[in-house]
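Computed from heavy atoms alone, side chains included, the values below leave out hydrogens, waters and symmetry copies. Chain letters run A, B, ... following the sequence lines, proteins first and then strands; every chain starts at 1.
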Amino acid sequence: MRHWLCKSEETCYSIADLERDGRAGWDSVRNYQARNFMRDQMKVGDLILYYHSNADPTGVAGIARVSKTGVADPTQFDPRSEFHDPKSTKDDPTWIMVEVEFVERFRGVVTLASLRKEPSLAGMTVLAKGNRLSVMPCDPDHFRIVRAMGRALGKR
DNA sequence: GCCAACGTTGGC
DNA sequence: GCCAACGTTGGC
């Protein structure tokens with residue numbers, strides 16, 4: 001089983017939204033590297049650190065799990081969507097996503113600052129300078145450390 | 001709002 | 001294939 005870190009803008013779709021909905025398509029990703037991770041490497045059951053970007057504070061807010069793979073992102077076919085891709089066809093869709101399900105929500109947020117302060121997380125992909133990927137692999141040890149930090153904040 | 005860093009586009 | 005210009009991400 002692989003581990004991942006996925007970013008979502010908190011105001012766009014937060015861990016609280018996922019908790020409410022139970023599951024959601026990880027749609028609107030328009031970066032080939034992120035798409036390739038979802039399309040080629042994610043498996044049902046993989047665990048995801050749910051990261052809030054553009055948030056106050058920014059950081060890991062909970063855990064999700066891959067519940068379905070190989071789903072065509074519906075926004076690519078919607079002419080009214082800002083993520084509409086007129087070059088993509090239903091027979092051969094460009095943007096393949098996964099569906100994720102809610103696992104747990106931390107009482108607070110494991111902030112980016114606290115991730116940077118933790119020596120055992122040195123080398124974590126999300127901390128790399130200039131990293132703008134919204135979907136990236138996460139070392140299993142790093143995953144467990146961050147989850148423990150989150151749970152130490154108390155559980156809802 | 002600023003800006004660093006990176007991805008994409010398109011001219012050549 | 002190179003690279004400049006532009007757009008986007010995302011922290012601050």
Rounded off to whole Å, could you give me the [atom1]-to-[atom2] distance for the [X] and [N] pair?
| X | N | atom1 | atom2 | value |
| --- | --- | --- | --- | --- |
| A:Tyr32 | B:dT9 | OH | P | 6 Å |
| A:Arg30 | B:dC6 | CZ | P | 23 Å |
| A:Leu127 | C:dC12 | CG | P | 11 Å |
| A:Glu9 | C:dG10 | CD | P | 7 Å |
| A:Leu5 | C:dT9 | CG | C1' | 15 Å |
| A:Glu10 | C:dG10 | CD | P | 14 Å |
| A:Leu112 | C:dG10 | CG | C1' | 10 Å |

Residues A:Lys43, A:Asp46: salt bridge by 4.0 Å N-O rule: no
Salt bridge A:Arg35-A:Asp73, side-chain N to carboxylate O under 4.0 Å: no
Scan nucleotides 3-5 of chain B against the protein and return all N/O pairs shorter than 3.5 Å with their distances rounded to 0.1 Å.
unit_1: B:dA5; atom_1: OP1; unit_2: A:Lys129; atom_2: NZ; d: 2.8

Close side-chain approach of A:Tyr13 to A:Tyr50, heavy-atom, < 4.5 Å: yes
Polar side-chain atom of A:Asp21 near backbone of A:Ala24 as donor-acceptor pair, under 3.5 Å: no
Flag, side chain of A:Arg23 to backbone of A:Phe102, donor-acceptor distance under 3.5 Å: no
Nucleotide nearest A:Tyr51 when distance is taken to its side chain, options C:dG10, C:dG11, B:dG7: C:dG11
Centroid separation A:Tyr51 to A:Trp4 less than 6.0 Å: no
Side-chain N or O of A:Lys7 closer than 4.0 Å to phosphate OP1/OP2 of C:dG10: yes
